[in-house]
Amino acid sequence: MVEARDGAGAVAGDPRRRLAQAPMTWQQIVAIAMCVLLNALDGFDVLSISFASPGISKEWGIDRAALGVVLSMELIGMMVGSVLLGQLADRVGRRPTVLACLVIMASGMVATTQVGSIEALAATRLFTGLGIGGMLAVINALAAEFASDRARGAAVAIMAAGYPVGGIAGGAIASGLLAQGDWRDVFWLGAGLTALFLPLVPLFVPEPVSSLLQRRGPETLQKVNRSLVALGHSPTDQLPPVDPIVRSSSIFELFRGGMALTTVLLTVIYFSQLLTFYFVLKWSPKIVSDMGFAPSSAGSVLVWGNVGGLVGSLLYSALSVRMPIRSLIAGFMLASCAAVALFGHSPANLGMLALAAATAQFCANGVIVGLYGLVASSFPTANRAGGTGFVIGLGRGGAALSPMVGGYLFKAGYSLPMVSAIMAGGSLVALAALLILPRRTAESC
């Protein structure tokens, strides 16, 4: 086979190997930066209902149990969207799926501004969640596929940090809108920001070479070369040989050959930690509002919670190169349980509430970032993508249940300290499952 040569005359070979081993170009950095911004957009879109919840509750007079169901709707949509649209991305391509997710998210946001009942609001949030979940599934793969081997870990970690950044930036703007307008303005903001990305994605996010080579057709060589040029690399002469299929990627493989226990325990870990993680994210504005503060002030507490989440993810990333991964995750889990439980004892003081929310999310988000790496390293290469999708997809059930469980506990008459303590227990369940999780040789911890 004739091997392609780059601009310097060096043998280029497989374009995937070239992208993996060559220094990062500025075009690759821009493409990864777009993934960070798309994750930030997801972060704001998920939390938009939380910022709006005090105004919705006041306007429609709904109780906490009903509000908890609404707060869970986009999380249920995310669970479904991450599985269905994640699979769609493997069939039709990453970039078309990202664009489809943006259309779903923008239209869902606009529809939310027009609803007149709690049932319609729940439906529009469920629909919006489909796009958010699909986006999360695709951009995680994109960030890894655009990066070189040397930069891949940092690229994925930075991409994950975009989620709380969206909550911080969007939340700060939303708080200002709530001070002057009503809760619908939050969703108009989300729709506008989402629509901005529709022309930007085709310009700066090419289809990854590895994705194109998995879906070969008559024009694959031309498409691969367009992506290579868009990423700052020279085109290739020929396509590499088709990779042989050495092992089935069926979901049943996740429960064979000793993998069943690992699959079940990882799902329990992710599910339980998200149950704790989303309690503060989804309920803090309503809790603060019920203490007598204005909705805009309540939103600022959630903004500080996201600041804590961002710092926690960055600190975890820094510590992970020096400490065993399991020990580090376990430490963050214990801290997450304690911090969320203490959140329930915060006095009716905005400064103390903001500090408590930031501390809780600092610890809880550190766990989430750690779990991305733990889940991936626990599956063999042939089943890594399918296993990760299965665990994260089912695990998001914990995110969907979190607001509902909190709402029903409040309706049952439990106090804030008691509800916080119960919801903090998810981190302890996750820790127990982590301690008995089998170790694999692929995991360096």
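No experiment lies behind these values; they were computed from the predicted model shown.
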From Leu409 atom CG to Phe279 atom CZ, the distance as rounded to the nearest 0.5 Å: 8.5 Å
Taking Thr267 for its side chain and Gly395 for its backbone only, find out whether a donor-acceptor pair lies under 3.5 Å. no
Looking at SG of Cys101 and CZ of Phe197, how far apart are the two atoms once the value is rounded to the nearest 0.5 Å? 13.5 Å
Classify the side-chain pair Ser211/Glu145 by whether it contains a donor and acceptor separated by less than 3.5 Å. no
Determine whether Pro202 and Leu99 make a side-chain contact, defined as any pair of heavy atoms from C-beta on separated by less than 4.5 Å. yes
Step by step, work out the side-chain contact (heavy atoms from CB on, under 4.5 Å) result for Asp45 and Met135. CA-CA 11 Å; Asp45 285 357; Met135 182 73 75; over 6 Å; no
Look only at the side chain of Gln28 and the backbone of Phe146, and say whether a donor-acceptor pair between them is shorter than 3.5 Å. yes
Provide the closest heavy-atom pair for Gly166 versus Phe44 in the form atom of the first, atom of the second, distance. O-CB, 3.6 Å
Nearest atoms (heavy-atom pairs only) where Val46 meets Tyr278: CG1-CE2, 4.1 Å
List the atom of Ser284, the atom of Phe343, and the distance in Å for their closest heavy-atom pair. CB-CZ, 4.0 Å
I'd like to know whether Arg125 forms a side-chain contact (heavy atoms from CB on, under 4.5 Å) with Ser48, so could you lay out the CA-CA distance, the side-chain angles of the two residues, the decisive distance to 0.1 Å, and finally the verdict. CA-CA 10 Å; Arg125 295 312 295 163; Ser48 58; 3.3 Å; yes
If we ignore hydrogens and angles and just use 3.5 Å, is the side chain of Ser82 paired with the main-chain N or O of Gly133 as donor and acceptor? no
Among side-chain atoms of Gln27 and His233, is any donor-acceptor pair under 3.5 angstrom? no
Tell me, with the steps shown, if Leu67 and Asp63 meet side-chain contact (heavy atoms from CB on, under 4.5 Å). CA-CA 6 Å; Leu67 184 60; Asp63 61 25; over 6 Å; no
Within the structure provided, determine whether Ile49 and Ile56 are in side-chain contact (heavy-atom separation under 4.5 Å). yes
Looking at every non-hydrogen atom in both residues, tell me the closest pair between Lys411 and Ala65 and how far apart they are. CD-CB, 3.3 Å
Keeping the roles fixed (side chain from Asp182, backbone from Leu178), state whether a donor-acceptor pair exists under 3.5 Å. no
So Ile368 and Leu274, do their side chains get closer than 4.5 Å, heavy atoms only? yes
Do Phe410 and Trp283 have their ring centres less than 6.0 Å from each other? yes
Is any side-chain heavy atom of Phe51 closer than 4.5 Å to a side-chain heavy atom of Leu177? no
ring-ring contact (aromatic ring centres under 6.0 Å, His included) evaluation trace for Trp183 with Trp188: CA-CA 9 Å; Trp183 59 268; Trp188 280 119; over 10 Å; no
Nearest atoms (heavy-atom pairs only) where Val340 meets Ala360: CG2-CB, 4.0 Å
Check for a donor-acceptor pair, side chain of Ser336 on one end and backbone N or O of Ser427 on the other, with a separation under 3.5 Å. no
So Met333 and Gln273, do their side chains get closer than 4.5 Å, heavy atoms only? yes
Within the distance-only criterion (no hydrogens, no angle test), does the side chain of Thr194 pair as donor or acceptor with the backbone N or O of Leu102 below 3.5 angstrom? no
d(Ile32 CD1, Leu142 CG) to nearest 0.5 Å is 10.0 Å
Ile269 backbone acceptor or donor facing Ser272 side chain under 3.5 Å: no
Qualifying residue for side chain to side chain contact (heavy atoms under 4.5 Å, CB included) with Met105, from Leu130, Val110, Leu193, Ile132: Ile132
Taking every heavy atom of Pro199 against every heavy atom of Leu196, the minimum-distance pair comes out as CD-O, 3.2 Å
Chi angles and distances behind the side-chain contact (heavy atoms from CB on, under 4.5 Å) call for Ser148, Leu19: CA-CA 6 Å; Ser148 64; Leu19 290 169; over 6 Å; no
Could you check whether atom CE of Met418 has more than 12 heavy atoms from other residues, nucleotides or ligands sitting under 6.0 Å from it? no
Side chain proximity check, Ile287 to Met291, heavy atoms < 4.5 angstrom: yes
Do the side chains of Leu401 and Leu75 get nearer than 4.5 Å, heavy atoms only? no
CD (Glu207) and CZ (Arg94) are apart, to the nearest 0.5 Å, by 7.0 Å
I'd like to know if the side chain of Ser57 pairs up with that of Lys286 as donor and acceptor (distance under 3.5 Å, no hydrogens or angles considered). yes
Heavy-atom check, side chain of Leu189 versus side chain of Val186, under 4.5 Å: no
Is Ser420 reaching over with its side chain to a backbone N or O of Pro417, donor-acceptor style, under 3.5 angstrom? no
Would you say the side-chain atoms of Ser297 pair up with the backbone N or O of Phe293, donor to acceptor, closer than 3.5 Å? no
Is there a donor-acceptor pair under 3.5 Å between the side chain of Ser402 and the backbone N or O of Gly398? no
Taking atom CG of Leu231 and atom CZ of Phe204, what is their separation to the nearest 0.5 Å? 13.0 Å
Just verifying a value: how many Å separate Leu265 CG and Leu434 CG, rounded to the nearest 0.5 Å? 9.5 Å
